Amino acid sequence: MDVALLERTLDELGEPRFRAGQVWSWAARGAQSYEEMTNVPAALRATLAERVPFSSLTVEREATASDGTVKALFRTEDGRPLEAVLMRYRDGRRSICVSSQSGCPLTCTFCATGRMKFGRNLTSSEILDQVLHFRRIEPVDHLVFMGMGEPMMNLDAVLEACDRLPDVGITNRRTTVSTVGWLPGIEALTAQSRPIRLALSLHAADPELRSRIMPVNDRYPIEAVLGACRAHFAATNRTVFIEYVMLAGVNDSPAQARELAEALGPGRTFKVNLIPYNPTGMYDGSPREVIAAFKAVLEEHGVHATIRLTRGRDIDAACGQLAVSSARDAA
Ligand code: SAH
């Protein structure tokens, strides 16, 4: 829901300002339509239904995986595709993975979104409407900006959405922004005061290898990016999550694990999340034993590491797969 449009429309109708708050609070609690908003006069509900679209997105397709993961493919009003995922965990946690852009201008070689045409930044309403879509299914409590796009290139809209997420049940502490290492964005996130979690997609500690698989490393080199992450930890005392996608024979050797451990150092500044790769093109994923061995080397060096649980593989909803089906649609 475009809250700015809602407020403008209510002003034009001569309605009191508190109406916007009423409408938003219904939407944030998962209302299915204006109809449900029983403390808003029926005539006004009908007018709003005509003038303020209940969602800025239309659902084009939705699929549920055997593990309960739900993936939705949306379109913006101007026809741009984007996807979001609801992940359900046994402990009751409900986490949403949202897109910040339709497509992505960066060209990481292992990522399907990088091969899709870049569309545009999403608005804060389009980000929130992904969340509200799932909120209408059930209560949600965590969110990661790990869908399509680079959130740090659209940080204003991302932060604007973050300001409304607590109304939906997702506090800023349970919100994670993941970046390729877009330096000005990391610095801006550190400079503001919301307690949002920072995650860095690192994928290689060797600068040359990193530049090969993530060309953005030429623009914002790894040393500078890790420096900004250390400054983030120093300023916020919040551990920075390092994402490391395990590519067979590319970045998964014990020597590369040692190199990563040396780049990060022991302590609480960083925590590594090893991501089993979902083949979407030119690489194979590392076998399970190789990932376990890599993790063991990190831990020997005092670097805390976990292996990410893969969700929703059978519906192409796993990490990095989001663009696959929509790219197929666009083709
Ligand atoms: N642009 C941001 C946000 C996208 S997050 C970023 O790169 O951090 C998407 C995460 O999924 C990144 O860590 C990315 O490296 C990872 N990823 C991309 N393709 C993947 C794939 N096929 N399998 C597993 N992880 C993938």
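These numbers come from the heavy atoms of this one structure, side chains and all, not from hydrogens, waters or symmetry mates. Just so you know, ligand 1 is whichever comes first in the structure, and atom 1 is the first atom listed for that ligand. Residue numbers count from 1 along this sequence. Remember, predicted model here, so these are calculated numbers, not experimental data.
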A.B. asks: Any heavy atom of Gly149 closer to ligand 1 than 4.0 angstrom?
C.D. replies: yes
A.B. asks: With atoms numbered from 1 as shown, which atoms in ligand 1 lie under 4.0 angstrom from a non-hydrogen atom of Ser178?
C.D. replies: 2 (C), 3 (C), 5 (S), 6 (C), 8 (O)
A.B. asks: By number and element, which atoms of ligand 1 are closer than 4.0 Å to a non-hydrogen atom of Ser201?
C.D. replies: 6 (C), 7 (O), 8 (O), 12 (C), 13 (O)
A.B. asks: Counting from 1, what ligand 1 atoms have a heavy atom of Val180 closer than 4.0 Å?
C.D. replies: 1 (N), 6 (C), 7 (O), 8 (O)
A.B. asks: May I ask which of Thr113, Asn278, Ile213 has a heavy atom nearer to atom 22 (N) of ligand 1 than the others do?
C.D. replies: Asn278
A.B. asks: Can you sort out which atoms of ligand 1 are near Thr280, meaning under 4.0 Å from one of its heavy atoms?
C.D. replies: 22 (N)
A.B. asks: Within the 4.0 Å heavy-atom shell around Glu243, which atoms of ligand 1 are there?
C.D. replies: 10 (C), 12 (C), 13 (O)
A.B. asks: Using a strict cut-off of 4.0 Å, indicate which atoms of ligand 1 neighbour a heavy atom of His203.
C.D. replies: 13 (O), 14 (C), 15 (O)
A.B. asks: Does anything in residues 161-214 pair up under ring-ring contact (aromatic ring centres under 6.0 Å, His included), and if so which pairs, sequence neighbours excluded?
C.D. replies: Phe110-His203, Trp182-Tyr220
A.B. asks: What do we get for Thr179 next to ligand 1 when only non-hydrogen atoms under 4.0 Å count, side chain, backbone, both or neither?
C.D. replies: backbone
A.B. asks: Closer than 4.0 Å to some heavy atom of Gly147 - which atoms of ligand 1 meet that?
C.D. replies: 4 (C)
A.B. asks: Of the backbone atoms (N, CA, C, O) and the side-chain heavy atoms from C-beta on, which set of Met148 has a member under 4.0 Å from an atom of ligand 1: side chain, backbone, both, or neither?
C.D. replies: neither
A.B. asks: Against heavy atoms of Ile275, which atoms of ligand 1 measure under 4.0 Å?
C.D. replies: 24 (C), 25 (N)
A.B. asks: Is the distance between the ring centroids of Tyr244 and Phe294 less than 6.0 Å?
C.D. replies: yes
